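Just so you know, these numbers use all the heavy atoms, side chains as well, and skip hydrogens, waters and symmetry mates. None of the values given here were measured: they were computed from a predicted structure.
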Amino acid sequence: MAEQLGSLARTHTCGALRSSDVGASVVLLGWVHRIRDLGALVFLDVRDRHGLTQVVIEQNDPLLDKAKRLRSEFVVAVFGTVERRSAETVNTAVPTGEVEVRVSDLRVLNEARTPPFSIAEDQNVSEETRLRYRYLDLRRPTLQHNIGLRHRITMALRRYFDDQGFYDIETPILTKSTPEGARDFLVPSRVHPGEFYALPQSPQIFKQILMIAGFDRYVQIARCFRDEALRADRQLEFTQVDLEMAFATPSLVFEIVEGALAACFGEIGVEISRPFRRMPYAEAMAKYGSDKPDLRFGLEIQDFGPLFTDSPFGIFREAVAHGGTVRGLVIPGAGSYSRRELDGLVEQARQLGAAGLIYARHTADGVQCSVKAVGDESTRAVLAQSGTTPNDLLVLASGAPDAVSKLLGQLRLQVAKQANLIPEGKWELLWVTDFPLFDWNADENRWDSVNHPFTAPREEDLARLESDPGSVLAKAYDVILNGWELGGGSIRIHDRETQATVFRLLGLSDEDARHRFGFFLESLEYGTPPHGGLALGLDRICALLAGETSIREVIPFPKTTQAVDLMCDAPSTVDPRQLRELSIRVTP
RNA sequence: GGGGUGGUAGUUCAGCUGGUUAGAACGCCGGCCUGUCACGCCGGAGGCCGCGGGUUCGAGUCCCGUCCACCCCGCCA
């Protein structure tokens, strides 16, 4: 039977008591972490989020029987006196280990069922069970730490942006659907049958309008919603640190964002060097086969096209002759791979979509290439140019430059992981810049925005906007940490004319544009300052700084890869009356 | 939508080429124990082997389907 808390207040948290508190009368409130019942003597560890304190109940104490009936995770109030532990019984593993509390009263504020997994023991539990009992998982040290870190990072960001003169401004959660980009989450309107709000994929248009409205510097820790497949680094709803500045240049955005990230790193005691490295998109794609290269390790992709213009090996020769190329990377330490390991590597490349993977290496009596037709001379040349030592293995693939690099880029990541080539505790930050503005969409016979339709072209490329859109680069930039995209942004189009041209290239008629963004286009005509900004993925920042590989570990209540909340069982069916009220009928 | 890994006690796992009564550790329950701190010792309970079908004299094990969790591709302006 639970006893009452009444007006009882704790005097100390369970992590607070030190030898300087010896003699004090204290009240501790917390959970029973562990009980050590020695028969005539019971030790009780009482826990809260601040720590653990040992409580002693000795023989002859009328509370002994009560203490023996305690179980894990009961909620208790402990009254007692702080005593110094004898030298032999000090526990150096916990900060409160020099003292213990001799009990004078003990109240059970609540009992607890035996939890499905232990809070006190640091054991692996399947994610399914953890998510089902998230309130228990959250009690465990890892999530207690991660959620605490997330709080500190959030607060550091708020302090930083306040110091930099940013206003924190909220934007609507119920807003207008814009068919570009990710799938929208729709919210039916009861008042307007058949009409829907959309949840924001990002506050993009609102923050631009805030610049037009004269708010200079805006920041928001904004929840965003995208109805797309989930991944370790993607949830249906996620949090952006969304910012925008009037009169912004790319270098101003870089400076502000680098400062913000430095503030985040400060919370884990790491000083990062600034300015960050910068790399054009084209170089990232060519050397790493990715627009978010992981620079913690080498294994850069190299181009060997010119070596194979006259190759006796038809596949390479033809590739180079038809606008393709031959690229490869050196895998350190793989020179001694067995036939089985080599076959495994080739199979791995096939799984990634490669037509084939060719390898070459030095041998005791010369050189070896998996395709004889390449010839010893070419093999020697390519091994020499690539810097392959007798220890290493060179792998090669041919095809369209971007496709080859993308393939090798994925192989690069897999190989690095398998061969343990990724150093721990390294932080490689960089800016990827100069993205193309458009992508050709062959299916729809039009251009697509690489970023979003409000991204400004580089000034030097403006003249080619209509004549050669594919060659136009954007004032867009992503910030990358250890191969994760932490954020992205751009300088925006601020004149009506350029915006209209871009919409036209995207295949949007004036009427379409007016229907979707009419209010926004109109706002551009009322004195829009040049502006730009960026959004950082807060979940990703927290995950990386917490040393986690999934953002679920820094989100209190995440969803599974099937988009289900296992704790509250959402989504779920609703009462038919609710649907009727919304004029919605569900078809089977 | 596609590919991969996994699903056996409350939890984490083992269970070989199909063959007695499906095991271990931790947890849980009971007992003993005055300085433990992952307390120790003794004893005990606990299983729809994810679910459905099939092959077989016999299925945790093989086959097909399906559900769930995780990873990747597609998707994520």
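Residue contacts for A:Pro116: at a heavy-atom cut-off of 4.0 Å it reaches the sugar-phosphate backbone alone, with no base atom in range. Among the protein residues, A:Val94 comes within range of no part of the nucleic acid, since none of its heavy atoms lies under 4.0 Å from any strand. The residue A:Gln562 sits close only to the backbone: its heavy atoms come under 4.0 Å of sugar-phosphate atoms, none of a base. Among the heavy atoms of the strands lying under 4.0 Å from A:Asn91 is at least one base atom, whether or not backbone atoms are also near. Within the 4.0 angstrom heavy-atom criterion, no nucleotide atom of any strand lies near A:Asp122. Across all strands, A:Ser449 comes closer than 4.0 Å only to sugar-phosphate atoms, never to a base (heavy-atom distances). Nucleic acid contact class of A:Arg140 (heavy atoms, under 4.0 Å, all strands): none. Base engagement by A:Ala40 is indicated by at least one non-hydrogen atom pair under 4.0 Å involving a base atom. A:Ser202 comes within contact range of at least one nucleobase, with a heavy-atom separation under 4.0 Å. Contact annotation for A:Gln204: base contact, defined as any heavy-atom pair under 4.0 Å involving a base atom. Heavy atoms of A:Gln54 sit under 4.0 angstrom from at least one base atom. Using a 4.0 Å heavy-atom distance criterion, A:Glu100 is classed as a base contact.
Across the P atoms, B:rG19 and B:rG60 are found 10 Å apart, a figure rounded to whole Å. Taking the P atom of each, B:rC28 and B:rU11 are spaced 14 Å apart, rounded to whole Å. Comparing the P positions of B:rC68 and B:rU56 gives a spacing of 32 Å, expressed to the nearest Å. B:rG50 sits 15 Å from B:rA22 when the P atoms are compared, rounded to a whole Å. For B:rA38 and B:rC49, the P atoms lie 37 Å apart once the distance is rounded to whole Å. Of the P atoms belonging to B:rC39 and B:rG2, the separation is 49 Å, rounded to the nearest Å. Annotation: B:rG52 and B:rA59 have their P atoms spaced 15 Å apart (nearest Å). Nucleotides B:rC42 and B:rC63 place their P atoms 43 Å apart, quoted to the nearest Å.
Across all strands shown, B:rC41 forms a Watson-Crick or G-U wobble pair with B:rG31, both key distances being under 3.5 Å. Across the strands present, B:rU20 finds no partner; the criterion is a Watson-Crick or G-U wobble pair with both atom distances under 3.5 angstrom. Checking B:rA25 for Watson-Crick or G-U wobble geometry (two distances, each under 3.5 Å) identifies B:rU11 as its partner. With both pairing distances under 3.5 Å, B:rU5 is matched to B:rA69 as a Watson-Crick or G-U wobble pair. In this structure, B:rG60 forms no base pair with any nucleotide, since neither Watson-Crick nor G-U wobble geometry is met with both distances under 3.5 Å.
With hydrogens and angles ignored, a donor-acceptor pair under 3.5 angstrom links the side chain of A:Arg102 to the base of B:rG35. For A:Arg234 and B:rC76, a side-chain-to-base donor-acceptor distance below 3.5 Å is present, hydrogens and geometry of angles not being considered.
Looking at A:Glu548 and A:Asn146, their side chains do bring a donor and an acceptor atom within 3.5 Å of each other. Under the 3.5 Å distance criterion, with hydrogens and angles disregarded, no donor-acceptor pair is assigned to the side chains of A:Gln414 and A:Gln410. Between A:Asp434 and A:Tyr477, the side chains place no donor N or O within less than 3.5 Å of an acceptor N or O (distance only, hydrogens not considered). In this model, a donor atom of one side chain and an acceptor atom of the other lie less than 3.5 Å apart for A:Ser126 and A:Thr129. Counting only N and O atoms by type, the side chains of A:Asp184 and A:Gln201 include a donor and acceptor under 3.5 Å apart.
One finds no side-chain N or O of A:Thr129 lying less than 4.0 angstrom from the OP1 or OP2 phosphate oxygen of B:rA69. Side-chain N/O atoms of A:Arg85 include none lying less than 4.0 angstrom from OP1 or OP2 on B:rC37. Side-chain N/O atoms of A:Arg231 include none lying less than 4.0 angstrom from OP1 or OP2 on B:rC70. Residue A:Arg36 has no polar side-chain atom (N or O) positioned under 4.0 Å from OP1 or OP2 of B:rA38. Dashed line: the shortest gap from a side-chain N or O of A:Thr560 to OP1 or OP2 of B:rA69 is under 4.0 Å. Between B:rC71 and A:Arg552, a contact under 4.0 Å exists linking OP1 or OP2 to a side-chain N or O. The side chain of A:Thr114 contributes no N or O atom lying less than 4.0 Å from OP1 or OP2 of B:rG10.
The distance between atom CD of A:Glu128 and atom C1' of B:rA69, rounded to the nearest whole Å, is 5 Å. Regarding A:Gln59, its CD atom lies at a distance of 13 Å from the P atom of B:rC32, rounded to whole Å. Taking atom NZ of residue A:Lys68 and atom C1' of nucleotide B:rC29, one finds them 15 Å apart after rounding to whole Å. When the C1' atom of B:rC39 is taken as reference, atom CG of A:Asp45 falls 11 Å away, rounded to whole Å. Atom CG in A:Leu136 sits roughly 13 Å away from atom P in B:rU11 (whole-Å rounding). Separating the CD atom of A:Gln351 from the P atom of B:rG4 is a distance of 8 Å, rounded to the nearest angstrom. Look at CG on A:Asp65: it is 13 Å from P on B:rG30, rounded to the nearest Å. For the pair A:Glu73 CD and B:rU11 P, the interatomic distance rounds to 16 Å; values are reported in whole Å.
Comment: A:Arg340 does not engage A:Asp343 in a salt bridge, judged by the lack of any side-chain N to carboxylate O separation of less than 4.0 angstrom.
A salt bridge (charged side-chain N to carboxylate O under 4.0 Å, His left out) with A:Glu127 is found for exactly one of A:Arg134, A:Lys559, A:Arg552, A:Arg132, namely A:Arg552.
Lacking a ring centre under 5.5 Å from that of the base six-membered ring together with a plane angle below 30°, A:Phe117 does not count as stacked on B:rU11.
If A:Ala232 and A:Glu228 are placed on RNA chain B by their nearest nucleotide, the residue sitting closer to the 5' end is A:Ala232. Both A:Asp37 and A:Asn124 lie near RNA chain B, and the one whose nearest nucleotide falls closer to the 5' end is A:Asn124.
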* Should A:Leu413 and A:Asp294 be marked as a side chain to side chain contact (heavy atoms under 4.5 Å, CB included) after you check the CA-CA gap, both sets of side-chain angles, and the distance that decides it? -> CA-CA 8 Å; A:Leu413 290 174; A:Asp294 189 340; 4.2 Å; yes
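Surrounding NZ of A:Lys417 are at most 12 heavy atoms belonging to other residues, nucleotides or ligands under 6.0 Å away.
Listed candidates were B:rC70, B:rG35, B:rC75. Nearest to the side chain of A:Glu58 is B:rG35.
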